[in-house]
Number of protein chains: 2
Amino acid sequence: MSGTTAWGEYAHDSLRRGGARSGGARDAVIRHLAAQDCCITAQELFDALRAEGNRVGIASVYRTLDQLAERGLVHRVDLGGGTTRFEPALPGGEHHHHLVCDACGRVDQFDDDALERALSRVAAAEGYELAKHDVVLHGACESCRRVE
Amino acid sequence: MSGTTAWGEYAHDSLRRGGARSGGARDAVIRHLAAQDCCITAQELFDALRAEGNRVGIASVYRTLDQLAERGLVHRVDLGGGTTRFEPALPGGEHHHHLVCDACGRVDQFDDDALERALSRVAAAEGYELAKHDVVLHGACESCRRVE
DNA sequence: TTGTTTGCAAACCTTTTGCACGTTA
DNA sequence: TAACGTGCAAAAGGTTTGCAAACAA
C-alpha cells in the first residue's frame with residue numbers, strides 16, 4: 001500500500017516536473033490508480049470516481065491515462081476482449097505479466113526470469129531493440145479446473 | 001503455399017463436419033485467409049474481397065472469422081492499436097508469436113522452445129491449465145534502429 | 001421446403017476530438 | 001491574464017446484431 005501511495009506522489013511530481021498544472025480530474029485519476037493493485041479499465045475508473053461523487057468526465061480519464069502512459073507512469077495492458085486496461089508502472093522497468101481465467105475472469109500476475117531472458121534473446125536474434133513486451137496467458141484457474 | 005491451401009480444405013471440411021452449409025462469403029473468406037502468410041485485419045480481408053469484385057458484407061467476414069476462431073481454425077492476434085488480426089491456425093497447436101516494429105509497422109514472426117517451456121512452467125506453478133498464450137514484442141527493427 | 005447464410009443498415013462500445021468554460025500559476 | 005485543464009456532446013473507429021431476401025441441402 002505504501003508502495004502504491006509512493007507511486008501516486010511519484011506520478012504527480014513527474015507530471016509537474018514535465019510542466020503540467022494540477023487539476024481535479026487528473027489528481028483523482030492518479031489517486032484512484034495509486035490505490036489499485038491490478039489493472040483497471042478506463043470505464044471502471046470513471047465509474048468509481050463518479051460513485052464517490054466526483055464529477056469527472058470520461059474524456060479527462062482517458063486524457064490523464066494517455067499522459068501517464070506517455071511518460072511511462074502507467075502500462076497499457078490488453079487482456080483481449082477489446083478493452084484496454086491500465087496499471088501503475090514503477091520506475092526501473094520492473095514489470096509483471098498476466099494470467100487470465102477465461103471461465104471466471106480472474107486475473108493473476110507473475111514474473112519469470114527465464115521468460116524475460118528468452119524474450120531478450122529472441123529480440124536480439126531478430127535484430128530488434130526491445131521497447132516493451134506483452135505476455136498474456138489464458139486458461140482455467142485452479143478453482144475452475146475442478147468444476148469442469 | 002501448399003500448406004496454406006491444405007489449411008483451406010481443412011477449415012472447409014471442419015465446418016462442413018460441424019453441420020455448416022456452404023456459402024459464397026464464407027468460402028471467399030477461407031480462400032483468402034488460406035493464401036495469407038501473416039495475420040490480417042477483418043477490414044483488410046473485406047477490402048481485398050471487394051477489390052476482386054466480391055460483393056461480401058463485412059458482417060459476413062466477421063461472422064466467418066468468429067466461426068473459425070470458435071473451432072480453433074484461426075487465431076485472434078492482438079498487436080495493440082485496437083484492431084484484432086486473424087491468421088490461419090494449423091491443427092496440432094503449432095504456433096508462433098509476433099515482433100512488431102513500432103517505427104515502421106513491420107511484423108515478424110518467431111517461435112522459441114525456451115519461451116514455451118517457461119510459459120508452461122509458470123502456468124503450472126500458478127495452477128492454471130493453459131489454453132492459449134499471447135506474446136507480442138514491441139521495439140525497433142534492424143532498419144529502423146539504424147535511422148535513429 | 002426448411003433452416004442457414006448473406007448483405008445492408010442500424011446499433012453498440014470504446015476511445016478521441018471540438019469547444020466553451022473554469023482554473024491554475 | 002494567459003495558458004492549461006475540464007466536462008459535455010458529438011464524432012470516429014471497430015465490431016455486433018436485426019432483418020428480410022437469397023440460397024444450400
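Scope of the values below: all heavy atoms of this structure, side chains included, with no hydrogens, waters or symmetry mates. So you know, we letter chains A, B, ... as the sequences are listed, proteins then strands, and number each from 1.
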### Task
Might you work through the side-chain contact (heavy atoms from CB on, under 4.5 Å) test for B:I30 and B:W7, ending with a clear yes or no?
CA-CA 9 Å; B:I30 292 179; B:W7 176 85; 4.0 Å; yes
Could you give the [atom1]-to-[atom2] distance, from [X] to [N], as a whole number of Å?
X: A:Q43; N: C:dC12; atom1: CD; atom2: C1'; answer: 13 Å
X: B:N54; N: C:dG7; atom1: CG; atom2: P; answer: 7 Å
X: A:D27; N: C:dT24; atom1: CG; atom2: P; answer: 10 Å
X: A:L65; N: C:dT15; atom1: CG; atom2: C1'; answer: 11 Å
X: B:Q67; N: C:dT5; atom1: CD; atom2: P; answer: 6 Å
X: B:R21; N: D:dA24; atom1: CZ; atom2: P; answer: 10 Å
X: A:R26; N: C:dT23; atom1: CZ; atom2: P; answer: 16 Å
X: A:L15; N: D:dC4; atom1: CG; atom2: P; answer: 15 Å

### Task
Determine the interplanar angle of the B:H95 and B:H133 rings, folded into 0 to 90°, and report it as parallel if under 30°, tilted if 30 to 60°, perpendicular if over 60°.
perpendicular
Side-chain donor-acceptor pairs under 3.5 Å in residues 62-69 of chain A, sequence neighbours left out?
from	atom 1	to	atom 2	distance (Å)
A:T64	OG1	A:S60	O	2.9
A:D66	OD1	A:R76	NH2	3.1
A:Q67	OE1	A:R26	NH1	2.7

### Straight-line distance of A:D102 CG to B:E129 CD, nearest 0.5 Å
11.5 Å
### Query
At what angle, to 10 degrees, do the two end axes of the helix from C:dT1-D:dA25 to C:dA25-D:dT1 meet, given five pairs define each axis?
30°
Looking at every strand, decide which applies to [X] at a 4.0 Å heavy-atom threshold: base, sugar-phosphate, or nothing.
X: B:A25; result: sugar-phosphate
X: A:R50; result: sugar-phosphate
X: A:R63; result: base

### Query
Does a side-chain N or O from B:Y62 land closer than 4.0 Å to OP1 or OP2 of D:dT15, or not?
yes
### Message
Does a side-chain N or O of A:S60 approach OP1 or OP2 of D:dG7 to a distance below 4.0 Å, or not?
### Response
yes
#### Entry: A:E9 and A:R16 ion-paired at < 4.0 Å
no
### Query
Any Lys/Arg nitrogen of A:R121 or B:D112 sitting under 4.0 Å from an Asp/Glu carboxylate oxygen of the other?
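Answer for the salt bridge query: yes.
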### Query
Taking the side chain of A:T84 as heavy atoms from C-beta outward, which of C:dT15, D:dT6, D:dT17 is closest to it?
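That would be C:dT15.
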### Task
Look at the side chain of A:S22 and decide which nucleotide, out of C:dT14, D:dT15, C:dA25, has an atom nearest to it.
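Closest nucleotide to the A:S22 side chain: C:dA25.
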### Query
In terms of the nearest nucleotide of DNA chain D, which residue is placed more toward the 5' end: B:A20 or B:R85?
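Upstream on the strand: B:R85.
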### Query
Tell me the ring-ring contact (aromatic ring centres under 6.0 Å, His included) pairs involving residues 64-88 of chain B, sequence neighbours left out?
none
